[in-house]
Amino acid sequence: MNRILVMVKQVPATENVRLDAQTGTMIRAGLETVINPLDLYAVEEAVRLKEAADSDLRVDVLSMGPPQASEAVREAIAMGCDHGFLLCGQEFAGADTWATAYALARGIATLGVFDLILCGERATDGETGQVGPMVGTFLDLPVLTYVSRIEQIEGRALVAHRAVEGGCEVVRTSLPALLSVVKEINEPRLPTLAGKKRARRADVAVLGAREIGADQQCLGLTGSPTRVVKVFYPTLTRTGRIVSTETESVDACVSELVDLLKSLAIREEGGRELK
Amino acid sequence: MTRGVWVLGEERGGTVHPVSYEVVAWGRSLADSLGEDLTCVILGEHAGGQAQELVYRGADTVRVVGHPKLAVFRVDPFARIMSRLIAEHCPEILLAAATTMGRTLMPVLAAKLHLGLTADCTGLEIDSKERLLLQTRPAIGGNVMATIKTPQHRPQMATVRPRSRQPLPRDPSRKGKVVAESVDPDELHSRVTSIGFRPDRTSEVPIQDANVVVAGGRGLKDARTFKQIFALAQCLGGAVGASRAAVDQGWVPYSHQIGLSGKSVAPRLYLALGISGSANHLAGMSASEVIVAVNNDPEANIFKVADFGIVGDIAEILPALLARLARPGKPGSSKEGHG
């Protein structure tokens, strides 16, 4: 194995997001941003593979976003990635998952041939988890989602665990392949001081639509099959009944809860209803 | 000309997984709004044997693609077969459950066929003027909802969050058509092969399939108290969930974590004990059918989504509740009564 690519995204530090009451759009001014927390696991896995490799293994990191998204790329470099790239330009703006994946796939094809492409399972802002599998498909690679462990890489074959409903599926694939990874896979390291210094000095190459040979019709809002109709705050209100042990006895409160549980006829393990 | 609403059923362990009936229910209401037929496609090994069940739950047509090599989901053959069926029948809408299968297969199809796809929807309806599918989903930690449409590309595709709606009641008098689809051996090739499956070690119900989730948070104060959550879950035949705080404290493993940074659940009953209800946590459970919260802080966010809440001290309430539920011997086994 010679070369790994990690895809990362810069996201708002989630809980601080506010909407503009008039326009319904996200207020971006002053918004704190971080590298998508789930991407750190992909970066860590790539760096571990590099450290464990017998021969030279190069790890590239690629992102797409506004100029400041280069900060997310630098965070990955600080953790041990070698080279950083950013897809940036007006033509990429407003992309949905399809157009984002198209651009990233074009970017990857431009950067060269990779044995392994890693990404986080989803980003904490959009939370779609779609871009990874889409990129793999555009590049005609085998796609492994929800990877919780890379068990073995031998020659051109990789064995991995996938965290799926009810357990863990062990799968084998040929390389190159695209893997989206979940939190169980490792514990991301903190960047070292030397790593941070290196990241500050590193040259993050910016690529535009022309450099990646993209079809302009497939980029940004123009290239996006989906459109946002509206964005709104969810109504956080159910008209629930709230009782308090300040005004009622613990027994009375608990009795009311038990009555509710009975009325729901929740089935117990044995298939018997709670009576 | 595109016709009809399609949903993708799911076979797991040789049987139709109940999440299939949820997507059928979603598809049924859209098909009715459009005045179109509802088709459920299911790929698997034994799915054909239960195709009639999908009709009873609301499908007009069930297309069964049965083959031993389709017993386990593998994205290459599933995407190839679905691509062919979509090209042959041109459905207007295609839905799948946002399971690990749906969230893998649908993006691959979207990229292959140049289609729009919206992930993890909790609301779907038809815009009556344009006859477009309006796809509503939570984003940014559940702080924001977005409604999305796909103006040009067909089928319009969405995955729907499991447990975000109930299946339709089973109606054995419903009539429908079951069509056995052929499989070309060339379609079965896969670059990824499954070489084993290790079920979760715990004998508990998988948390995302559980009817009841009993979740604990920081308010439980220590690991010993958290053990009572397990006892309560057992009483109710449910699974154990936890807030990020409880997991970070090391009281329970990460696999129990509910929320944006963990798992999303929507059980019939969600009991949140000592959980304040951060946006992160609410994103993973607010679609639950009935939410019960116990917390000592009357201002806690969790009460805003609760159907029933008790403001009080967990250390008093939890033992009292356990005592009421855990009768002598096996929980609830005392009286077989009809009361």
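All values derive from a computational prediction rather than experimental measurement. Letters go in sequence order (proteins before strands), and every chain restarts at 1.
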- prompt: chain B heavy atoms under 4.5 Å from A177(A): which part of the residue, side chain, backbone, both or neither?
  reply: neither
- request: Could you tell me whether the side chain of V164(A) reaches within less than 4.5 Å of the side chain of F197(B), counting heavy atoms only?
  value: yes
field: 4.5 Å side-chain heavy-atom contact, W98(A) and L115(B)
entry: no
statement: Scored by heavy-atom pairs under 4.5 Å with chain A, the best of Q156(B), M101(B), H153(B) is H153(B)
- prompt: Which atom names give the shortest non-hydrogen contact between R172(A) and I195(B), and what distance separates them?
  reply: NH1-CG2, 3.8 Å
query: Contact part of S190(B) toward chain A, heavy-atom cut-off under 4.5 Å: side chain, backbone, both or neither?
result: neither
message: So which residue, V108(B), T159(B), N296(B), ends up with the most heavy-atom pairs under 4.5 Å with chain A?
response: V108(B)
message: Minimum heavy-atom separation for D313(B) and T245(A), please, with both atom names.
response: N-OG1, 4.3 Å
message: Counting C-beta onward and ignoring hydrogens, is there a side-chain heavy-atom pair between R241(A) and D307(B) closer than 4.5 Å?
response: no
- prompt: Any donor-acceptor pair under 3.5 Å linking the side chain of Q130(A) with the backbone of A119(B)?
  reply: yes
query: G116(B) and T226(A): which non-hydrogen atoms are nearest, and at how many Å?
result: CA-CG2, 3.7 Å
- line: Ranked by heavy-atom pairs below 4.5 Å to chain A, first place among V290(B), L117(B), V292(B) goes to L117(B)
Contact check, side chains of S194(B) and R162(A), non-hydrogen atoms, under 4.5 Å: no
message: With a 4.0 Å cut-off on N to O distance, would you call K112(B) and D140(A) a salt bridge?
response: no
task: Tell me, for L260(A) versus chain B, whether the close heavy atoms (under 4.5 Å) come from the side chain, the backbone, both or neither.
output: side chain
task: Work out which heavy atom in L261(A) is nearest to a heavy atom in L269(B); give both atom names and the distance.
output: CD2-CD2, 3.3 Å
- prompt: Which bit of V135(A) comes within less than 4.5 Å of chain B, counting heavy atoms only: side chain, backbone, both or neither?
  reply: neither
message: Below 4.5 Å, heavy-atom pairs only: which of T99(B), L134(B), D120(B) has the largest tally toward chain A?
response: T99(B)
- line: Applying a strict 4.5 Å limit to non-hydrogen atoms, the region of S180(A) in contact with chain B is neither
statement: Among H114(B), Q152(B), R103(B), the residue with the most heavy-atom pairs under 4.5 Å to chain A is H114(B)
task: Counting only heavy atoms closer than 4.5 Å, note whether V228(A) contacts chain B via side chain, backbone, both or neither.
output: both
- request: Could you verify whether a donor N or O on one side chain and an acceptor N or O on the other, from R137(B) and T128(A), lie under 3.5 Å apart?
  value: no
query: Side chains of T100(B) and E165(A): is there a donor and an acceptor less than 3.5 Å apart?
result: yes
- request: Please answer whether the main-chain N or O of L264(A) pairs with a side-chain N or O of R268(B) as donor and acceptor at a distance below 3.5 Å.
  value: yes
query: Among T193(B), T150(B), V75(B), D76(B), which has the most heavy-atom pairs under 4.5 Å with chain A?
result: T193(B)
- request: Measure L144(A) against the heavy atoms of chain B and call it side chain, backbone, both or neither at under 4.5 Å.
  value: side chain
field: Test item: I148(B) and V229(A) side chains (from C-beta on) under 4.5 Å apart, heavy atoms
entry: no
- request: Please name the pair of heavy atoms, one in R191(B) and one in L141(A), separated by the smallest distance, quoted to 0.1 Å.
  value: NH2-O, 3.4 Å
message: Just by distance, no angles: are the side chains of T145(A) and T104(B) close enough, under 3.5 Å, to form a donor-acceptor pair?
response: yes
- prompt: Below 4.5 Å, heavy atoms only, C-beta onward: do L257(A) and L321(B) meet side chain to side chain?
  reply: yes
